[in-house]
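First comes the structure, then the notes that go with it.
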Amino acid sequence: MQAPFRSLRILFVAAEMAPLVKVGGLADVVAALPQALVERGHEVRVLLPAYGGHMTRGATRLTSLGEGQASLAELRRPDLPCPVWLFESPVFAGRGHHPYNQPDGRAWPNDATAFGEFGRVAAGIAAGTLLSDWHPDIVHCHDWHAGLAPVWMGLEPTSAASVFTIHNLAFAGRFHPRVLAELGLPQSLNHPDLLEFHGDVAFIKGGLSCADEVTTVSPRYAQEILTPEFGNGFEGLLRHRQEHLTGILNGIDTRLWNPARDPLIEHAFDAADLTGKSRERLRLLRRWGVTARKDEAVLGWVGRLTRQKGADLLLEALPELLQRPLRLVVLGSGEPELKRAVAAAAARWPERFMVDSRFDESLAHGIYAGADMLAMPSRFEPCGLSQLYAMRYGTVPVTTAVGGLADTVLDADAIADAIADAIADADPLACSEATGFLMAEATAEDFVETVDRALRWFHDQHRWQALMRSAMGRQLDWSGAVRAYEQVYERALAGRSPPGVGPAAMRAP
Ligand code: NHF
């Protein structure tokens, strides 16, 4: 049954938010979901760490925190969906160039104290001890960085309910248990039902075990993480909390990602007139001084060069792929070894395999607009946003059938076969629901085989254009997700632990 609508005060707690600080898809979601909630009539604030002075430019101080040099500042800007509250503290000092990694690539050594304190600030806002005039109904925490917020909330009297969203279970925020004492948290939290994890403490478990409701970013991933294959050791706990676990597919900000009015591309286009897309293809290749024949497809990659994303599979498949009429364009940085291997391949095949490893939002838009296909051979993918951006720009994803990819990419051959089976003389162009191509296994062989299937469609331009239009026509905005989150918020409020008592899990040991 649909819950009756009421306007809620929601505090988002996250380590990233576009355009202020972005490492991955988390940042896009933490910008777009508040926007959609605000449009539905909710009052939203986002709590973020201030990683450097550049983030607090133009912000006004709300309050100082404790006796140290920490404070809370508010940033209001036309490009932000709601006021952003910045936690300024020496614990985050020096992270200006990257929130998670030191210049040599290693994680910052004080992550536990920094994000532990961050969670404490969220709980202080929830309890009304830090700000007197704004109390959230819901504290919506994202990924391990915010995992201690529901734990701190359990230790302070608050009437707010907590929701924890898993964007990627592979990052757990795992530390030595001594951090509990360093943070002034009780040792009783070092318990298998709470934070303990194989002799360490894992901050993500704070969210998984203590939040009133847990969500993740696609229905398929919500199922997958209950299994040892995708559960990263948390599958037991997640199965235990299954009644409180919901998979809600991410949307995208369709105003920002709109090929008909995207300031980051030069030639606008839409599904009715794709001329601009061909021009964007030329423009994209011109960046590297190359052109492509009509029968050559441009296969793009936008994303981190990691094993999760299957960057190693792309490299393994490369010699085979380059036997085909293909040009590959890669935008991404990531694991040092993969970065080096990608750079070496680019040097070896300069006109066929083109790479840019700088973070460049306009090149990302340029690839979504100008490529024919998007490569995304991920081993696992909680939701995946690149395939959604690509579809919006008529770029057909070639991906693995996992997580959110399986929920959003409908295989063109599978659909064409189903239609042909159902209707004897079906129109060969029929692919009304199809949006891309799915590989069964994350292997280099399957990837090549799936690119081959995509190329067969590409070489029949009538069918290809129908497929592009079908991908572009898919509804990708936040409207469905935002209603699903409202239901989760209502459930969290209805089932929340009584103020001051703490979540059920904290009472158990
Ligand atoms: O889309 C935002 C993103 C997901 O699959 C993505 C991931 C990180 O790995 O929810 O978070």
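The first residue in the sequence is number 1, and the count goes up from there. Below, each value reflects all heavy atoms present in this structure, side chains not excepted, and no hydrogens, waters or symmetry copies. Numbering of ligands and ligand atoms starts at 1, following listing order.
Residues lining ligand 1 at a heavy-atom distance below 4.0 Å are given as Gly25, Leu26, Val29, His167, Asn168, Val217, Asn250, Gln308, Glu381, Pro382, Cys383, Gly384, Leu385, ordered by chain and residue number.
Between the side chains of Tyr389 and Thr395, no donor-acceptor pair is found at a separation under 3.5 Å.
For Trp85, the side chain to side chain donor-acceptor pair (under 3.5 Å) criterion is met by Glu74, not counting sequence neighbours. For Glu88, there are no salt bridge (Lys or Arg N to Asp or Glu O under 4.0 Å) partners two or more places apart in sequence or in a different chain.
The closest side-chain heavy-atom distance from Val13 to Val139 is below 4.5 Å.
Within the structure, every pair that satisfies the side chain to side chain donor-acceptor pair (under 3.5 Å) test and touches residues 234-263, not counting sequence neighbours, is listed here: Glu39-Arg255, Glu213-His244, Thr246-Arg491, Asp262-His365, Asp262-Tyr393.
Checked for salt-bridge contact, Asp356 and Arg358 meet the test: a charged N lies under 4.0 Å from a carboxylate O.
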